[in-house]
Amino acid sequence: MNYRIPRGTYDILPKDSAKWQYVQNVFRRVAQRFGYLEIVTPIFEMAELFERSSGENSDVVQKEMYRFTDQKGRNFALRPEGTAPVVRSYIENHLDRLGGKSKLYYFGPMFRYDRPQAGRYRQFYQYGIEFIGSNHPYFDAEVIAIELAYLEELGLKDFRLEINSVGCEKCSRTYDEALRKYYQPHLAELCPDCQKRFESKPRRLLDCKVPSCKAFRKDAPSQLNYLDQECKDHFDQVQKYLDQMDIAYTINPAIVRGLDYYTNTAFELIVDALGAQNSIAGGGRYNALISQIGGKDTPAIGFAGGFERLLLAMEKEEIEFPQYAPPDVYVIGMGAATTDMALSCLKEMRKHGLYAEYNPDKSSFKAQMKAADASQAYYALIIGADELAADMPTLKNLRTSEQKQYSRPELSHVIAQRLL
RNA sequence: GUGGAUGUAGUUCAACGGCAGAGCACCGGAUUGUGGUUCCGGCUGUUGUGGGUUCGAAUCCCAUCAUCCACCCCA
């Protein structure tokens, strides 16, 4: 019996791990440039946390959560998203008492039971930003600016930003009613899914892809006409800040975030080249969430992005990734007698921070030279019978083919000065 | 959860129901200790898995698993 990786998961192999380190490191760097600090939470939480925050009726909670009970019968779930755990930690650790705002970033694996497809996995890696503690529209723009700065730093070009406002809870309630009123006469003509959505989440009617449902969309009332003055002002201000930051966007009233906690600003970053799973990041404001799960009434905004889709998008644009650095020195020892000298040179080089390779397994001198060449090492340190007798290893520059014998003290000097 | 396509060597792909193959990659060698190219040689298969039809199955049928595409969902 061969064991196989669970469906919808994947291994990050050594040939790809440098890419992952790279995109994660760039994210860290960019987030910190905006003053955000990393928070790390467990990959599982009480299931109820997600039920409360994402919404009992959301697909994520209804069909996609990996649930389990522990030995004492407690109900847990592997986290399907990152915001609720961060907010839980914020409340539990009284981060609000530290003064100032909480500017947090995170990344790590998320879990959703879903049918795998390109850009969609059961264990997938997200990065995210959460700004907790202000309703100021500048921060809506700042959070968006972080994502864009990140994409720019990575060299990604072919994407677009769409924004919307879904208003506060009050606005969205009046809007839902307006939508129901509009769709009521056509209810029989809608697809079965939409008939269900009609009651639970009328806004979902707007992004149904069934042609017959789509037909009603263009005359449907727009959320933007159902914002109260405060929400409208907020959205206008967000746009103003985006304009001032030279951030291009389009307003798409159909953007409806899937998780229940979003209020006001909602946004999405789309890469059309990715096909069906074309959203590489999305987020919005969630002013009601914190009080909803037991904290003080606190406004907040954040977003999450998917590393897999980001990498796919970068590959589509043929962006080059940094590779692991090749060895500084490849040590070639001819025969068992040279082991002592080889090991002492290796130890010295590694102590000084050089990356040194050595493979006594290789048989012939030629095979060792080939291996050194294949490793793309900058130098070969050759230790053969002559070198051993004279106690003078040969250092060969594999790029220029120049080589020279050094006495041990001379070699030590070269190593210590990092002249390689 | 629904519909469709595809599964053959490490990889990319061939093979009309009749001997499972090629390129690339990998390993070794080409006169004692110098890398590339070239040349020579070598290795890798339960044809995803399990059944069935057939004298005979990689090939046809069924099931199953996996991947991909679309729906759905979302990052």
Side-chain angles (χ1 to χ4, degrees), chain A residues 1-2 4-10 13 15 54 58-65 79-83 107-129 147 159 191-194 196-197 201 204 207-211 213 255-259 262 267-271 274-284 302-313 330 332-335 338 361-377 379-388 394 396-403:
Chain A
M1 176 62 198
N2 287 327
R4 283 204 285 181
I5 196 167
R7 182 165 202 209
T9 66
Y10 57 93
L13 301 174
K15 73 182 173 63
S54 298
S58 63
D59 278 30
V60 166
V61 168
Q62 289 271 311
K63 349 184 254 210
E64 296 176 5
M65 277 214 294
R79 62 182 180 194
E81 58 99 27
T83 297
F107 56 76
M110 306 293 163
F111 305 84
R112 290 184 203 173
Y113 185 89
D114 203 342
R115 183 107 167 228
Q117 178 176 334
R120 188 166 77 187
Y121 301 91
R122 291 183 174 176
Q123 174 172 336
F124 58 102
Y125 290 80
Q126 283 193 333
Y127 57 94
I129 286 281
E147 170 67 4
F159 58 82
C191 71
D193 281 341
C194 282
K196 259 181 271 168
R197 293 175 182 131
K201 263 197 156 183
R204 280 256 164 246
D207 56 11
C208 181
K209 278 161 195 146
V210 176
C213 300
I255 290 186
V256 183
R257 312 273 343 135
L259 307 175
Y262 288 106
F267 66 92
E268 205 162 311
L269 265 132
I270 295 160
V271 174
L274 290 189
Q277 311 301 327
N278 63 358
S279 170
I280 63 165
F303 76 84
F307 279 123
E308 291 85 358
R309 294 181 189 179
L310 186 64
L311 289 168
L312 283 173
Y330 196 107
I332 294 173
M334 294 287 295
T338 64
D361 209 24
K362 293 281 175 195
S363 49
S364 67
F365 183 75
K366 186 164 187 145
Q368 297 218 44
M369 278 303 288
K370 273 191 174 178
D373 192 53
S375 77
Q376 302 191 2
Y379 287 87
L381 187 72
I382 299 166
I383 306 170
D386 296 349
E387 284 83 359
L388 201 57
T394 297
K396 177 177 178 116
N397 183 324
L398 292 173
R399 305 293 154 90
T400 65
S401 293
E402 287 168 52
Q403 66 181 60

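Residue numbers start from 1 in every chain, and the chains themselves are labelled A, B, ... in the order their sequence lines are given, proteins ahead of strands. Remember, predicted model here, so these are calculated numbers, not experimental data.
For the pair A/Gln126 CD and B/C74 C1', the computed distance is 9 Å after rounding to whole Å. One atom, CD of A/Gln368, and another, P of B/G29, lie 12 Å apart when rounded to the nearest Å. Distance, A/Leu274 CG to B/A75 C1': 11 Å, rounded to whole Å. Separating the CZ atom of A/Phe111 from the P atom of B/A75 is a distance of 16 Å, rounded to the nearest angstrom. As a whole-Å value, the separation of A/Arg7 CZ from B/U67 P is 5 Å. Regarding A/Arg79, its CZ atom lies at a distance of 15 Å from the P atom of B/A75, rounded to whole Å. Rounded to whole Å, atom P of B/C73 lies 21 Å from atom CD1 of A/Ile280. Rounding to whole angstrom units, CD of residue A/Glu81 and P of B/C73 are separated by 18 Å.
Residue A/Ala371 is classed as having no contact, given no heavy-atom separation below 4.0 Å to the nucleic acid. A/Gly82 comes within 4.0 angstrom of nothing in the nucleic acid, heavy atoms only. Residue contacts shown for A/Gly282 are limited to sugar-phosphate atoms, with no base heavy atom under 4.0 Å away. Within 4.0 Å of A/Ala118, counting heavy atoms only, lie sugar-phosphate atoms of the nucleic acid but no base atom.
The base-pairing partner of B/U2, taking Watson-Crick or G-U wobble contacts with both distances under 3.5 Å, is B/A70. Judged by Watson-Crick or G-U wobble contacts below 3.5 Å, the nucleotide B/U54 has no partner. Base-pair partner of B/A15: not found among the strands shown (Watson-Crick or G-U wobble, both distances under 3.5 Å). With a cut-off of 3.5 Å on both pairing distances, the Watson-Crick or G-U wobble partner of B/U38 is B/A30. The partner of B/U44 is absent, by the rule that a Watson-Crick or G-U pair needs both atom distances under 3.5 Å. Both distances falling under 3.5 Å, in either a Watson-Crick or a G-U wobble arrangement, place B/C24 opposite B/G10. Of the nucleotides present, B/A63 is the one that pairs with B/U49 by Watson-Crick or G-U wobble criteria, both distances under 3.5 Å.
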Provide a list of protein-nucleic acid N or O atom pairs under 3.5 angstrom, restricted to nucleotides 2-6 of chain B.
residue, atom, partner, partner atom, Å
B/U2, O4, A/Arg115, NH1, 2.7
B/G3, O6, A/Arg115, NH2, 3.1

Listing time: all N or O pairs from protein to nucleotides 34-36 of chain B that are below 3.5 Å?
residue, atom, partner, partner atom, Å
B/U34, O2, A/Lys396, NZ, 2.7
B/U34, N3, A/Gln403, OE1, 3.0
B/U34, O4, A/Gln403, NE2, 2.8
B/G35, O6, A/Lys396, NZ, 3.3
B/G35, O6, A/Ser401, OG, 2.6
B/G35, N1, A/Leu398, O, 2.6
B/G35, N2, A/Asp373, OD1, 3.1
B/G35, N2, A/Leu398, O, 2.7
B/G35, N3, A/Asp373, OD1, 3.1

Show each protein N/O and nucleotides 8-13 of chain B N/O combination with a separation under 3.5 Å, one pair to a line.
none

So which protein N/O to nucleotides 46-51 of chain B N/O distances come out below 3.5 Å?
none

Sequence neighbours left out, cut at 3.5 Å: what donor-acceptor pairs do the side chains of residues 381-388 of chain A make with other protein atoms?
residue, atom, partner, partner atom, Å
A/Glu387, OE1, A/Gly384, N, 3.0
A/Glu387, OE2, A/Thr394, OG1, 2.6

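Nucleotides B/C43 and B/G3 place their P atoms 47 Å apart, quoted to the nearest Å. Here the separation of B/C55 from B/U2, taken at their C1' atoms, is 42 Å to the nearest Å. Rounded to whole Å, the separation between the P atoms of B/C65 and B/G23 comes to 38 Å. Going from the P atom of B/G52 to that of B/C74 covers 45 Å, rounded to whole Å. Remark: the separation of the C1' atoms in B/U47 and B/G7 is 9 Å, to the nearest Å.
The base of B/C72 sits within donor-acceptor range of the side chain of A/Arg120, with an N or O pair under 3.5 Å.
Sorted by first and then second residue, the pairs that involve residues 109-119 of chain A and meet salt bridge (charged side-chain N to carboxylate O under 4.0 Å, His left out), not counting sequence neighbours, are A/Asp114-A/Arg120.
Looking at A/Glu81, its side chain never comes within 3.5 Å of a backbone N or O of A/Met110 through a donor-acceptor pair.
A ring-centre distance under 6.0 Å is not found for A/Tyr125 and A/Phe107.
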